[in-house]
Amino acid sequence: MSSKDFENQQVGLRRQAAGERRATALAHPNIALIKYWGNQDDDLRLPANPSLSMNLGDLQTVTAVTFDDRLPADELLINGTEFSGPALQRVTASLDLVRRLAGIDTPARIESDSNVPVGSGIASSSAAFAALSVAAAAAAGLDLAETALSRLARRGSGSASRSVPAGYCEWVTGSDQTSVATSIAPPDHWALRDVVVVASRAHKAVGSSGGHPLARTSSLQAARVAGVEARLEACRETLLARDLDRMGPVIEEDAVIMHAVMMSSRPPLYYWTPTTMALILATQQWRAEGIPVYFTIDAGPNVHLICEAPYAQAVEAQARKIAGVQTVLASQPGGPARLVD
Ligand code: PMV
């Protein structure tokens, strides 16, 4: 055994010692059908408007949290790579909320693994902070209700609040106590598919945490927020009725209005690339040819094509033909964030 191996083994033994409290949780990312953009309170991540989403069951993050008195400070490993700086600070801020609730000040080791392809441009913070919150609360010995876990996850990343409950979820505005997400339908309510089309692998210049505070600088944000309630009600009603022909135009309009706000902010955020625009136009063409499919787009260039399960393969095949497309992957609706062994 080399001295390094011996050292590693000692570390392993030390970390298995009494005084550790460990829990592991799994969460899925979600795609918003009615978008969240801008906050009433940036620190508390209280959203400017309610939103509605679908968990993506084929993508997941599994996070183990171990509170250990012997650690000098929090440690963060994502897919085997150690992170410090802003990524660790954001995780520590979430853990501090859990520590405060549990009345402890123990540092933690966080080991997170995700099957979202690295560099795919698919935001994984929703799954990351949902899994972190569920695992950390359990490891700290807290027995929290789903709404309390959704609230905790929200403080890490707004959209993470929607990855805590199962299936199709609605996140309401309100106070720090009341702004949480709940499920409006289970995953098996409707066999929708999200065909995720990666249009660029380039790292985003401005992520959503940096983008939300810019929303209020757009003169279109007030109009977007004023119209959200009606779009959300139409989306909820047509989702519950499994009526894609009526839901599709609502989600497209909502995504485009959000991007209009982004593009008219100061400074402006232009997330679309020529491939994004080609996919938008192609979606209209595919519909004209008889494939019922509609797009939505988050804070990036990638296009999420929403269709019913029987059309998913055809949509995937069509999307792969568009110039500039990097990767295509499809997901079914997913379950809640949950503890795993
Ligand atoms: O949760 P955040 O801060 O990553 O913001 C998510 C923002 C959008 O993905 C653009 C919209 C949404 O509702 O998920």
Side-chain angles (χ1 to χ4, degrees), residues 27-56 59 61 86-87 90-91 93-94 114 116 120-133 150-165 168-173 179-181 184 194 196 199 203-216 218 221 224-225 228 231-232 235-236 250-263 265 269-272 276 295-304 306 331 334 337:
H28 303 292
N30 67 75
I31 179 68
L33 303 173
I34 298 295
K35 306 294 186 188
Y36 145 58
W37 194 245
N39 289 312
Q40 291 175 32
D41 183 317
D42 288 320
D43 292 334
L44 293 175
R45 295 185 196 267
L46 294 176
N49 63 275
S51 53
L52 200 161
S53 62
M54 174 179 112
N55 285 348
L56 302 178
L59 302 173
T61 294
R90 197 166 163 192
V91 164
S94 274
S114 169
V116 179
S120 67
I122 301 164
S124 51
S125 67
S126 56
F129 283 95
L132 176 71
S133 302
S150 173
R151 173 182 172 231
L152 263 183
R154 186 201 83 222
R155 294 286 300 270
S157 177
S159 58
S161 65
R162 299 186 309 239
S163 279
V164 171
Y168 299 89
C169 301
E170 201 173 315
W171 170 27
V172 296
T173 56
S179 180
V180 297
I184 62 161
D194 178 4
V196 188
H203 196 73
K204 282 188 271 189
V206 181
S208 46
S209 288
H212 289 295
L214 299 181
R216 58 178 72 93
S218 165
Q221 171 73 345
R224 188 190 75 83
V225 171
V228 161
R231 290 192 296 279
L232 192 136
C235 186
R236 187 199 303 121
V250 178
I251 69 170
E252 289 193 347
E253 182 188 340
D254 189 78
V256 170
I257 292 178
M258 178 183 74
H259 280 271
V261 167
M262 292 162 161
M263 291 182 209
S265 297
L269 297 173
Y270 297 108
Y271 286 116
W272 295 1
T276 313
F295 68 82
T296 185
I297 305 166
D298 273 351
N302 304 323
V303 178
H304 295 251
I306 308 296
S331 181

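What you see below is based on every heavy atom in this structure, not just the backbone, and it leaves out hydrogens, waters and symmetry mates. Counting starts at 1 for both ligands and their atoms, in listed order. Computed from a predicted structure; not experimentally measured.
Under a 4.0 Å criterion applied to the non-hydrogen atoms of S159, ligand 1 contributes the atoms 1 (O), 2 (P), 4 (O), 14 (O). Heavy-atom proximity to A32, at under 4.0 Å, picks out these atoms of ligand 1: 12 (C), 13 (O), 14 (O). In the vicinity of M258, heavy-atom distances shorter than 4.0 Å reach the ligand 1 atoms 10 (C). Close approach of ligand 1 to G158 is summarised as follows: ligand atoms under 4.0 Å from at least one heavy atom of the residue are 1 (O).
Distances from ligand 1 to the non-hydrogen atoms of S51 include no value under 4.0 Å.
In terms of protein heavy atoms, atom 4 (O) of ligand 1 is closest to S208 OG, 2.6 Å. Nearest protein neighbour of atom 3 (O) of ligand 1, counting heavy atoms only, is H212 NE2, 3.0 Å. Ranking protein heavy atoms by distance to atom 14 (O) of ligand 1, first place goes to R162 NH2, 2.7 Å.
On a distance-only criterion, S209 and ligand 1 share no N/O pair closer than 3.5 Å.
When atom types are taken as modelled, the side chain of N30 and the backbone of G334 share no donor-acceptor pair closer than 3.5 angstrom. With R154 contributing its side chain and R45 its backbone, the two residues share a donor-acceptor pair below 3.5 Å. A donor-acceptor pair is defined here as one N or O able to donate and one able to accept, closer than 3.5 Å; no such pair exists between the side chain of H304 and the backbone of I31. Between the S218 side chain and the L214 main chain, no donor and acceptor come within less than 3.5 Å of each other. Under a 3.5 Å cut-off, the side chain of H259 and the backbone N or O of A299 do not form any donor-acceptor pair. Between the side chain of S150 and the backbone N or O of S161 there is at least one donor-acceptor pair closer than 3.5 Å.
Which of G38, A299, G300, S125 comes nearest to atom 10 (C) of ligand 1 through a heavy atom is settled by distance: it is A299. Of the listed residues (W171, F129, Y36), the one carrying the non-hydrogen atom nearest atom 11 (C) of ligand 1 is Y36.
In terms of the salt bridge (charged side-chain N to carboxylate O under 4.0 Å, His left out) criterion, residue partners of R231 (sequence neighbours excluded) are, by chain and number, D254. Partners of A93 under the side chain to side chain contact (heavy atoms under 4.5 Å, CB included) rule, at least two apart in sequence or in another chain, do not exist in this structure.
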